[in-house]
Amino acid sequence: MVNYVNSLSVEEQLRIARERFPEVVEAKKPERTPEAKTLPPLPSVEKYGTVRTRFAPNPDFYIHLGNARPAILSYEYARMYKGTFILRFEDTDPRIKTPLPEAYRAIREDLRWLGLTWDEEYIQSLRMEIYYRVAKELISRGGAYVDLCPREEFRKIKAQRRPCPHRDQDPSKSLELFDRMLSGYFGEGEAVLRVKTDLESPDPSLIDWVAFRIIDTSSTPHPLTGDKYVVWPTYNFAAGVDDKLMGVTHILRGKEHAVNTLKQLYLYKALGWEYPEVVNLGRLKLEGMILSKSLIKSTIRRSAGRVSVDDLRFGTLRSLRRRGILPEVIREIILEVGVKVSDATVSWENIASLNRKRIDLMTPRLMAVVDPVEVAIWEIPETPNLRVLRLSNHPSNESLGVRTVEVGSGNPVRVYLSRDDVEILLKEGSIRLLEFCNIALKSYSRELIEAYFTGVDVEQARRSGLKIVQWVPARDFARVSIVKPEGLKLRVLKAFAESSLLRQREGSIVQFVRVGFIKVEKIESKLRNVKVVFMHD
RNA sequence: GCCGCGGUAGUAUAGCCCGGUCAAGUAUGCGGGCCUUUCGAGCCCGUGACCCGGGUUCAAAUCCCGGCCGCGGCACCA
């Protein structure tokens with residue numbers, strides 16, 4: 001039974017516990033829920049009568065905590081107003097931000113892991129004909145023109161705030177040129193479709209921005225459509241059009257898109273559309289972790305296969321998940337940070353604290369010693385319950401059951417302690433072994449540390465102010481390597497743990513007493529080796 | 001450099017729109033105590049912030065102006 005429970009993932013344990021022992025789970029967190037963070041109202045909801053939000057990632061890579069902000073907020077708002085949440089893949093750049101084939105699936109998985117479900121899903125590269133149609137409509141209305149100026153040439157003209165020679169050509173001429181673009185007549189860089197904007201704008205990037213450009217997909221094919229299309233919409237065209245066509249009422253996106261709203265406004269005006277409400281969100285940093293997509297990518301590339309996307313130093317959702325952070329905690333943090341334009345640095349301490357509170361009660365505890373040192377203990381009585389210990393897996397949650405730790409018969413009894421704790425024993429002269437007995441130092445040399453039994457009474461230990469430390473019997477233990485990120489380095493701690501660790505299931509969470517919470521990654525039963533990830537204190 | 005947006009304790013956030021109830025609330029961190037066979041959890045106590053300078057006002061974290069600092073944008077990227 002115990003092993004069965006322990007073999008479940010934490011999520012499963014929590015779920016079952018909530019169903020079967022609600023009093024245990026709920027008792028621990030009394031009035032924590034009342035002050036659950038609520039979102040401020042969205043602007044102008046009455047105007048639309050409904051709320052439709054979207055999360056629109058570029059599937060060129062896996063998503064990270066920073067992407068979770070707009071994703072979770074968009075989702076939460078859609079649910080809050082009983083509206084619709086849309087997932088839209090923005091993959092209209094096969095050349096520079098080439099879509100990663102596996103990213104479409106990975107992003108869906110990560111969102112589901114976060115607990116987000118979407119009502120509609122779209123992939124922009126599969127909607128090309130729609131964009132072409134809208135483009136032609138826009139050209140007919142005189143809102144855009146095909147520009148044949150070389151890039152540098154246009155830049156110069158723009159700098160002088162003057163119209164380029166193609167700007168005033170008749171829409172029918174642009175329409176004809178656009179068709180020629182579609183036919184593959186032009187090569188990369190030879191023609192673009194530009195949206196007419198205010199030529200006087202102080203921001204040059206705004207002026208007659210590019211709506212479509214030519215990408216030679218025979219040399220840089222799109223993973224979904226291959227070389228079928230050579231004329232590709234830019235972000236501002238595709239996203240702008242889709243937000244309208246999909247009936248998006250509220251756009252929540254990073255503040256780096258602020259100028260894009262301005263650009264798209266020209267498009268909307270020309271088409272006679274009304275722009276949705278926009279909420280700009282600040283950037284998120286995760287203390288001590290790498291969130292930059294480009295840095296993560298380059299680190300992986302340079303590592304020659306040794307670093308993967310779920311590396312503990314990255315702020316990817318894959319990494320957080322591997323680290324044993326519950327999705328609810330990420331949601332909680334995002335809601336806490338809230339809907340603001342200002343940037344925020346999420347502190348790891350905060351995440352760890354929230355996570356710890358959620359898992360503690362459902363997580364079995366066992367003993368592990370880091371940097372183990374053997375200690376031989378003499379004079380331990382042959383009393384059965386001093387030779388085979390029955391230990392509770394959690395002092396305040398009996399449903400986690402008990403386990404036994406056998407120290408063997410005869411004397412001395414050999415155990416391992418953490419090097420740090422051995423230092424305490426050497427310095428203080430005595431120490432208490434958790435749930436076992438009190439011992440005092442007998443002798444020590446470089447090869448051997450010997451101690452003797454001084455009693456089983458915990459009260460006596462307390463009165464004497466003995467430090468209580470965890471230990472592992474030398475006759476039966478598992479070897480553990482604990483991967484722990486320290487700054488931007490990964491350390492691997494060598495430890496020995498109670499052999500019951502071998503009966504855990506891969507993926508389960510355990511608390512190593514006085515060490516911290518760990519997540520089991522790999523168990524090699526025959527070799528008695530276990531690989532774990534250090535989660536947090 | 002130019003344009004735009006921000007600035008409440010170590011971190012995050014509430015309050016700012018509609019000035020007084022804010023000698024600023026909450027979480028986390030930190031210090032201490034209780035409890036506990038963990039350096040965890042729980043409970044209790046404490047610590048710590050309105051970027052700076054002017055102005056308006058009886059009264060400013062809240063309104064106005066200037067400065068400083070930070071962030072974002074300045075692509076045929078998203």
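Lettering follows sequence order; numbering is per chain, from 1. Owing to the predicted nature of the structure, the values given are computational and were not obtained by experimental measurement.
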Using a cut-off of strictly less than 4.0 Å, decide whether [X] has a side-chain nitrogen or oxygen near OP1 or OP2 of [N].
X      : N      : answer
A/R356 : B/rG29 : yes
A/K340 : B/rA14 : yes
A/R95  : B/rC77 : yes
A/R213 : B/rA78 : yes
A/T92  : B/rA78 : yes
A/S205 : B/rC3  : no

Measuring only the [atom1] atom in each nucleotide, how far is [N] from [M]? A whole number of Å is fine.
N      : M      : atom1 : answer
B/rA78 : B/rC74 : C1'   : 16 Å
B/rU8  : B/rC22 : C1'   : 12 Å
B/rC50 : B/rA24 : C1'   : 8 Å
B/rU13 : B/rG20 : P     : 22 Å
B/rG29 : B/rU11 : P     : 15 Å
B/rC65 : B/rG72 : C1'   : 25 Å
B/rA49 : B/rG10 : C1'   : 11 Å
B/rA27 : B/rG73 : C1'   : 34 Å

- Query: Reading nucleotides 66-71 of chain B from the 5' end, what letters show protein touch, with B for base, S for backbone sugar-phosphate only, - for no heavy atom under 4.0 Å?
  - Reply: -----S
- Along RNA chain B (nearest heavy atom to each residue), the more 5'-positioned of A/I468 and A/N350: A/N350
- Comparing A/S342 with A/L434, nearest RNA chain B nucleotide closer to 5' gives the residue A/S342
With the side chain of [X] defined as its heavy atoms from C-beta on, choose the nearest nucleotide among [options].
X      : options                : value
A/Y235 : B/rG29, B/rC76, B/rA78 : B/rA78
A/N58  : B/rA12, B/rC3, B/rA78  : B/rA78
A/R432 : B/rA12, B/rU37, B/rG40 : B/rU37
A/S347 : B/rU11, B/rC77, B/rG73 : B/rU11
A/N260 : B/rG40, B/rC3, B/rA78  : B/rA78
A/E349 : B/rU37, B/rU13, B/rG29 : B/rG29

Exercise: do [X] and [Y] side chains pair donor with acceptor under 3.5 Å:
X      : Y      : answer
A/D91  : A/Y104 : yes
A/Y235 : A/D93  : no
A/H394 : A/N397 : no

Which part of the nucleic acid, if any, lies within reach of [X] when heavy atoms closer than 4.0 Å are counted: base, sugar-phosphate only, or nothing?
X      : answer
A/R365 : base
A/V513 : base
A/Q511 : base

- Looking at side-chain heavy atoms only, is the closest gap between A/F534 and A/F512 below 4.5 Å? no
- Task: I would like to know whether A/K467 and A/E428 meet side-chain contact (heavy atoms from CB on, under 4.5 Å); could you show each step before the answer?
- Result: CA-CA 9 Å; A/K467 194 92 178 160; A/E428 307 287 329; over 6 Å; no
- Task: Measure from NZ or CZ of A/R194 to the centre of the six-membered ring of A/F154 and say whether it is under 6.0 Å with the direction within 45° of the ring axis.
- Result: yes
- Task: If B/rC35 has a Watson-Crick or G-U wobble mate with both distances under 3.5 Å, name it; if not, just say none.
- Result: none
- Item | Any-strand Watson-Crick or G-U partner of B/rC5, both distances under 3.5 Å | B/rG70
- Set of side-chain contact (heavy atoms from CB on, under 4.5 Å) partners for A/P70, sequence neighbours left out: A/F55, A/L281
- Query: At what distance, to the nearest 0.5 angstrom, does CD1 of A/I468 lie from CG of A/D421?
  - Reply: 11.5 Å
- Message: Consider ring-ring contact (aromatic ring centres under 6.0 Å, His included). Of A/F436, A/F477, A/F496, which one does A/W471 pass it with?
- Response: A/F436
